[in-house]
Amino acid sequence: MPTVLTDLCPYPIVQAPMAGGASGPQLAAAVSEAGGLGFLAAGYKTADGMYEEIKQVRGLTGQPFGVNLFLPQPGAADAASVEVYRHQLSGEAAWYETPLGETDGPSDDGFEAKTAILVDDPVPVVSFTFGCPTRDVLDRFARAGTYTIVTVTSAEEAQAAQWAGADAVCAQGVEAGGHQGTHRDDPQLDGSGAGFGLLSLVAQVRETVPLPIIAAGGLMRGAQIAAVLAAGADAAQLGTAFLVCPESGANVLHKQALTNPLFVRTELTRAFSGRPARGLVNRFVREHGRYAPAAYPQVHHLTSGLRKAAAKMGDAQGMALWAGQGHRMARELPAAQLVDLLAAEIEAAENETARRRTA
């Protein structure tokens, strides 16, 4: 691992920032205390809400941690298609006895306000999803002493991150749970298999840019982390693996669903947010996924009340159950214990590889 990343976390283990409540202060602090790099997810939070969580993490650990920001999204969603989807979901609103959300709000997720706070009172690491910040933004973080990471899903996006001045990239394979962090959402690619698997992506990014690479996508075991390190990554980012930890703020129904044999597969869907995101296939995805328009964050706001109502009713079939392809391998362990176990598995895998080479 590069020196800067080594200083940030002794182990090459990064806890993914999972927006929606899973990646709170308790989880981030526990991972950082154990030798990994914990992350807060600022997505969907107000700037003040983000800052309160930062202060909570600082009260729980003196170790480095990160904050993830969503880039502002273009306001080019087709209003007519969103209204058609609203009509499609009218039966859900009646069933859950809750109104559908308004879709004409801002699409910048408070990016400028959050950036201002993070530059004024810096945290060790800031990562970005759904695009690449401008050089001016990254230069401001550099002057503040913050290490910056841009999520990428292709070698071309990695090159854009390098040109903009990012310190590192997080290469997200198509196996990853939650939203795909593509810089440009192209609905024409839906169902085309255009996304790259993690090992292929890491290799392509490694040959394209000299930046440190954090590999993300379906990683659940230390042996998998050792594999991406051997492929050219400098660290690994895991989300679903930490989702079931007691420190995770994920809904208990979400945690249980990851290993429930009722949910047999995941798929990329726009059903809940209007942007491709990998989750467990439940009733909502089956019934509405094919009709959901490419309209983020409008669809996210439209379905927000439905998702909350489903959770309140204890109905996992109406919730967004984000999960990576390795979800059935989730282990319900305290975060620190999981970090220790993953580190031991990495060492064992690397030792076994070395033994085979000398046998």
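Position 1 is the first residue of the sequence, and the numbers go up from there. Only a predicted model underlies this, so the values are computations on that prediction, with no experimental measurement involved.
Ion pairing between Asp120 and Arg140 fails under the 4.0 Å rule for side-chain N and carboxylate O. Between Lys55 and Asp121 no salt bridge is recorded (no basic side-chain N to carboxylate O distance below 4.0 Å). The pair Lys45-Asp109 does not count as a salt bridge, with every side-chain nitrogen at least 4.0 angstrom from each carboxylate oxygen.
Considering only residues two or more places apart in sequence or on other chains, Arg278 meets the side-chain hydrogen bond (donor to acceptor under 3.5 Å, both in side chains) condition with Thr266. The ring-ring contact (aromatic ring centres under 6.0 Å, His included) check on Phe39 picks up nothing, with sequence neighbours excluded. Applying the ring-ring contact (aromatic ring centres under 6.0 Å, His included) criterion to Tyr51, with sequence neighbours excluded, gives no partner residue. Among residues two or more places apart in sequence or in another chain, the ring-ring contact (aromatic ring centres under 6.0 Å, His included) test is passed with Phe65 by none. Taking Gln56 as the reference, nothing meets the side-chain hydrogen bond (donor to acceptor under 3.5 Å, both in side chains) condition, with sequence neighbours excluded. Annotation: salt bridge (charged side-chain N to carboxylate O under 4.0 Å, His left out) contacts of Glu92 (sequence neighbours excluded): Arg283. Tyr96 meets the ring-ring contact (aromatic ring centres under 6.0 Å, His included) test with no other residue; sequence neighbours excluded. Take Gln337 and apply the side-chain hydrogen bond (donor to acceptor under 3.5 Å, both in side chains) test, not counting sequence neighbours, and it matches no residue. Residues that satisfy the salt bridge (charged side-chain N to carboxylate O under 4.0 Å, His left out) test with Asp108, not counting sequence neighbours, are absent from this structure. In this structure, the side-chain hydrogen bond (donor to acceptor under 3.5 Å, both in side chains) partners of Ser200, at least two apart in sequence or on a different chain, are Gln204.
By the rule that hydrophobic residues join a cluster once side-chain heavy atoms approach within less than 4.5 Å of another member, Leu219 and Leu341 end up as members of one cluster. There is no path of hydrophobic side-chain contacts, each under 4.5 Å, that joins Met220 to Met18.
The 12-atom threshold is exceeded at CZ of Arg58, counting heavy atoms of other residues, nucleotides or ligands nearer than 6.0 Å. The 12-atom threshold is exceeded at CD of Glu83, counting heavy atoms of other residues, nucleotides or ligands nearer than 6.0 Å. The environment of Glu347 atom CD is sparse: at most 12 non-hydrogen atoms of other residues, nucleotides or ligands sit within 6.0 angstrom.
Put simply, the residue from Glu247, Glu53, Gln15 that forms a side-chain hydrogen bond (donor to acceptor under 3.5 Å, both in side chains) with Ser23 is Gln15.
Seen from the ring of Phe130, Arg275 counts as a face-on cation partner, given the 6.0 Å and 45° thresholds.
Ring geometry for Tyr44 against His300 counts as parallel: the plane angle stays under 30°, on a 0 to 90° scale with 60° as the upper cut.
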Please test His288 against Gln88 for side-chain hydrogen bond (donor to acceptor under 3.5 Å, both in side chains), starting from the C-alpha separation and ending with a verdict.
-> CA-CA 8 Å; His288 304 296; Gln88 163 85 19; 2.9 Å; yes
What pairs of donor and acceptor atoms, side-chain ones from residues 225-233 against any protein atom, are under 3.5 angstrom apart with sequence neighbours left out?
none

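Pairing each heavy atom of Asp190 with each of Asp186, the nearest pair is OD1-O, 4.0 Å.
Applying the ring pair (Phe, Tyr, Trp, His ring centres under 6.0 Å) definition to pairs two or more places apart or across chains, none involves residues 323-359.
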